[in-house]
Structure formats: C-alpha cells, structure tokens
Amino acid sequence: MAKAPTTWPDTAAFDKAVQLGAFPPHGRLKGAVVEKRGGLMRRMEGANAVAYVLDSPRGAAVLRCFKNKPTPTVHRRYEALEKWAARADAARSPVLADAVWAEEAVHIDGRWWPAVVMEHVAGESLRAHLASRLGHTEELNLLAGGWRRVLGRLDRDEVAHGDLQHDNIRIANGGRMRLIDLDAVWMAELSAEPSQEFGHPHFQHPERLRTGRWDRAVDHFSGLVIHLSILALAVDPGLWDDFHNEDNLLFTATDFEHPMATRLWFRLAASRSVTVRRLTALLDGACRGSMSQVPPPRALDDPEQQPGRSRTLHGSSSVPRFPAAPVTPAPAQTPAVVIPPVAAEPSSALAAASESPSPPTVADRPLVPALGAPPPVPAYASGASLPSARGPGTGRKILIGAAAALLLLLIALVLGAAL
C-alpha cells in the first residue's frame, strides 16, 4: 500500500481522483461521477478551492475541494450551517445553498481527504445574467428588487454570507437567487471564530480588507455595491463596456479607496435616475466612514414607497413632495401722483417745482398725470398795438411762463418714460 502523503494534495491530484470516481461507497457521494462537456470535466477553480459538478443517484451535487488545508474553523462553520439549515423553515425558500462537510470525500494515495458537498444550484451567475440582459431596463429593475429581498432575508435570519460577489450569486429560471461558496458565512454560533477570508476586494469595504472585520453587518457594503450596480446598468447599459473587467461588476477597490474621485463616480453622480444618484451618495458616505456606518438593507428601498414621495418621469426613483408656498397678498396700490394745474402766477409754480426734494413715486398701476390747463392767452382788439416787450416787468413774466410750461412738459416726458 502506498504511503499516505504528508502534504495537502494539489489540484492535479484532485482532478485525477475525481476523474477516476474515487468517492466513498456510502453517503451523498455513493455512485457519483463527474459531469463532462465536450469530453472535459465540469470544474470551476477559485482562489481557495476547486469545485466539480457531479451526477449521483441522489441528484446533482458540487464537490468543493480545498487547495490548502482548511482550518478547524472551516469545519465548524459547515457544521453550524447544517444546524441552521435544519432549523430553517423549508417553505421560506432558503437563500443559502445546502452544504455539508464530508470528512471522507476523495481518496488520494491511500488516504481520505475532506471536502464540502454542496447542493448544485442551477442557473447563471450574476455576471453572466447581467451581460445577457443589458438594455432590458424593466428586467434589471425587477432583478434589483429581488436582490433587496435577498439582503432583507439574510438580515432577518441574522446570518451573513461574508463574500457577496458576482460569481457567488446564482439566478435560476424565474429569477430566484441563491448564494453559494459559504466559507466566510457569519452567524452567532461562529462569532468568536473569525473567518480567514476577507471577501472579493472589488466588493468589500476598505476597512475589511485592512482589518478583516467580520460581523453580522459584513454584507451591508457589498450588498449596496451590487444593488447600485444593477440599477445603474438598467439606466445606462454602456457602463458595462466602460467599467466591467470580468473580475468586477462596475466598481473596483480603487473606487472605494477614492470615493467621488474616479470616472465611475462622476458618471453615476450624473445619472438621469434619482435613485441611482441617491444610492451613489449612500455608497460615497459608506466608503468615507467605518463599516459600522454602512446603511442596512432597508435603506436601499425605493423612497417612492414611503409617505410623501412621488414617482419621477423615469419611474424608478422619487423625489420629495414639498408643501405649496403660501400665497402672499399683493401690496396696496399707491395712489397716482397728479401734478396740479399751473397757478395763475407762473413764478409760484416754478418756485414750487424747484423746491421739490425728490421725484414723485410711480404707482403700481400707473395713470398718465394730468398736466393742467395752460395759462390763458390774452386777446387783443383788432388794430390794437401789442404791448412792448420792453415794458416794465412784461418780458420777465413771459420768460417765466415759458420756463414753467417747458418744465411741466419735461416732467410729463420723464413720467411717461418711467411708466
């Protein structure tokens, strides 16, 4: 018999064992064979494990083999998940995929190695689902609503996935969402044993990447990132070509480190959707604060469902209704200023005009001021001689009268122009 190896098997060793069907003759893996497409095994490789899709008499399953020796915490995490799933009401459609720890899962070089046997969740990854539905605004809006319900369900069940990202979310026909890859799950039973996985950097708060913080609210940030990304793509499908890089949806860790200071932030802040702009502001504040300040899932709800809100033209967002401004009564009208007729003695009218301290006030609804009757022209009998201009006082009176008439005419012109 071959000597049992002392080091953890590499992926090539797991590939060979799975290809040969080196599974135990009992339990979930009894009689299992690896699925093949085009002659190749159906396998998916991640940062911490390689997974194989299996067919067995008990139905399809996924065998998840670790690339490195898992810590005892990982084992206890899956035991706690089994107990949690047993307590959950099956009629409530659990969000987390079923997963069990198998101490004897794969036989390699004369020794059994542990692995996780997971429910095979049919459907597309969120990444593939979004890529195939760009431009389908209503469908993406419905998807965002389903994602809010997933986050609300996790929050109510007091459990957190710990690594929400595009490849860990599966969407089946009908839009039902399930979460896979449960190595970073948080629940009360595990709160004293922090996960060694910090999640995908393009979905996690900068504080978590620096400190490894892990608690019940660990999904709030990544949940907001995913929700905003879906709604932003519903409004602006071109974001996918401009910012998606196969390892993210739209945001990267650099965006989180530099809130409201990158091209993506500017694009979202200028979105035609009020909801996208509101969520962009929420995420900006979350990046600037600590993880404890990240808003919970209920903050993602559309405000149009709250009292005092109304729908915008785009239908996916809302703005507050403001009370009507009070009606201010119109000010009382100022009486029109009427210039009195010129007195019989022209010199007195000229003196009164010259002593006025300021021009008259113009009324709100102006009237043309009356200029009064001109001074009477004296009549002379036929053949009578006209008075001499050089008579005593006569020339001065005529000049004063003419000046007064000219002044009245100028005042009338000024008032007419002002009105």
Side-chain angles (χ1 to χ4, degrees), residues 46-49 64 66-85 87-88 94-101 116 118 126 147 150-169 177-228 247-249 251-257 259 282-283 285-300:
N48 302 301
R64 195 161 182 272
F66 297 97
K67 290 184 174 181
N68 299 292
K69 182 178 180 179
T71 65
T73 301
V74 175
H75 184 184
R76 287 192 290 269
R77 175 167 288 107
Y78 282 95
E79 287 182 339
L81 278 168
E82 287 185 65
K83 295 177 182 178
W84 176 83
R87 293 195 304 267
V95 171
L96 301 180
D98 292 335
V100 297
W101 179 270
V116 173
M118 300 180 61
L126 177 62
W147 179 243
V150 167
L151 296 175
R153 170 67 190 273
L154 291 173
D155 200 49
R156 289 192 304 273
D157 287 347
E158 300 184 358
V159 62
H161 180 274
D163 188 17
L164 294 178
Q165 45 124 319
H166 52 4
D167 286 334
N168 286 343
I169 303 167
M177 296 185 186
R178 302 290 300 283
L179 305 179
I180 62 173
D181 188 355
L182 310 180
D183 291 347
V185 166
W186 180 95
M187 55 182 58
E189 296 91 329
L190 299 170
S191 57
E193 302 182 53
S195 170
Q196 299 304 308
E197 295 191 23
F198 295 173
H200 196 301
H202 295 337
F203 294 83
Q204 295 299 323
H205 192 285
E207 180 184 344
R208 187 179 184 203
L209 299 180
R210 291 192 303 266
T211 68
R213 179 168 176 168
W214 178 74
D215 54 24
R216 177 181 171 180
V218 71
D219 286 344
H220 290 178
F221 185 84
S222 51
L224 172 57
V225 170
I226 293 169
H227 185 59
L228 172 55
D247 198 31
N248 70 339
L249 287 180
F251 288 93
T252 65
T254 301
D255 294 311
F256 304 144
E257 289 285 357
L282 280 181
L283 184 59
C287 292
R288 296 174 189 274
S290 67
M291 285 180 63
S292 61
Q293 296 173 304
V294 179
R298 61 179 176 273
L300 308 186

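- Proximity of F66 to N48: side-chain heavy atoms (C-beta onward) are nowhere separated by under 4.5 Å.
- Atoms CZ and CG, on R77 and L190 in that order, are 5.5 Å from each other to the nearest 0.5 Å.
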### Task
Starting from the C-alpha separation in whole Å, work towards a yes-or-no answer on side-chain contact (heavy atoms from CB on, under 4.5 Å) for R213 and D215.
CA-CA 7 Å; R213 179 168 176 168; D215 54 24; 3.1 Å; yes

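- Checking side-chain atoms of H161 against main-chain N and O of I180 turns up a donor-acceptor pair under 3.5 Å.
- How far CG of L81 is from CD of E189: 9.0 Å, rounded to the nearest 0.5 Å.
- Residues W186 and V159 form no side-chain contact, since every pair of their non-hydrogen atoms from C-beta on lies 4.5 Å or further apart.
- Of the inter-residue distances, the one linking S222 atom OG with R208 atom CZ reads 7.5 Å to the nearest 0.5 angstrom.
- Residues meeting the side-chain contact (heavy atoms from CB on, under 4.5 Å) test with R288, sequence neighbours left out: P259, M260, D284.
- Taking both residues in full, the closest heavy atoms of A99 and E82 are given as O-CG, 3.6 Å, listed atom of the first, atom of the second, then distance.
- For the atom pair CH2 of W147 and CG of L228, the computed distance is 13.5 Å after rounding to the nearest 0.5 Å.
- Between H202 and A253, the shortest heavy-atom contact is ND1-N, 3.1 Å.
- K67 approaches A47 most closely through the heavy-atom pair CD-O, 3.8 Å.
- Ring orientation note: the planes of W101 and H75 are close to parallel, at an angle under 30° on the 30°/60° scale.
- Remark: of the listed residues D163, V185, I169, D219, I169 is the sole one forming a side-chain contact (heavy atoms from CB on, under 4.5 Å) with L179.
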### Task
Would you sort out whether L164 and F203 count as a side-chain contact (heavy atoms from CB on, under 4.5 Å), showing the intermediate values?
CA-CA 7 Å; L164 294 178; F203 294 83; over 6 Å; no

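- You'll find the side chain of L96 reaches within 4.5 Å of the side chain of L154, heavy atoms only.
- Between the side chains of D167 and H200, no donor-acceptor pair is found at a separation under 3.5 Å.
- A donor-acceptor contact shorter than 3.5 Å is absent between the side chain of Q204 and the backbone of P201.
- When the salt bridge (Lys or Arg N to Asp or Glu O under 4.0 Å) test is applied to D155, no partner is found at least two apart in sequence or on another chain.
- Minimum heavy-atom separation, E197 to S195: N-OG, 3.0 Å.
- Judged by distance alone, with hydrogens and angles left aside, the side-chain atoms of H166 form no donor-acceptor pair with the main-chain N or O of L249 at under 3.5 Å.
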### Query
Under the side-chain contact (heavy atoms from CB on, under 4.5 Å) criterion, do R216 and E158 qualify, and how do the steps go?
CA-CA 7 Å; R216 177 181 171 180; E158 300 184 358; 3.4 Å; yes

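- Heavy atoms only, all atoms of each residue included: P295 and L224 are closest at CG-CD2, 4.4 Å.
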#### Entry: CA sep, side-chain torsions, deciding dist, call: M118, D181, side-chain contact (heavy atoms from CB on, under 4.5 Å)
CA-CA 9 Å; M118 300 180 61; D181 188 355; 5.6 Å; no

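- Here the CD atom belonging to Q165 is positioned 11.0 Å from the CG atom belonging to N248, to the nearest 0.5 angstrom.
- In terms of heavy atoms, F256 sits closest to V225 at CZ-CG2, 3.7 Å.
- Put simply, the side chain of V100 does not reach to within 4.5 Å of the side chain of Y78, judged on heavy atoms.
- Scanning for ring-ring contact (aromatic ring centres under 6.0 Å, His included) contacts around H205 gives F221, with sequence neighbours left out.
- Here CZ of R210 is found 6.0 Å from CD of E257. Values are rounded to the nearest 0.5 Å.
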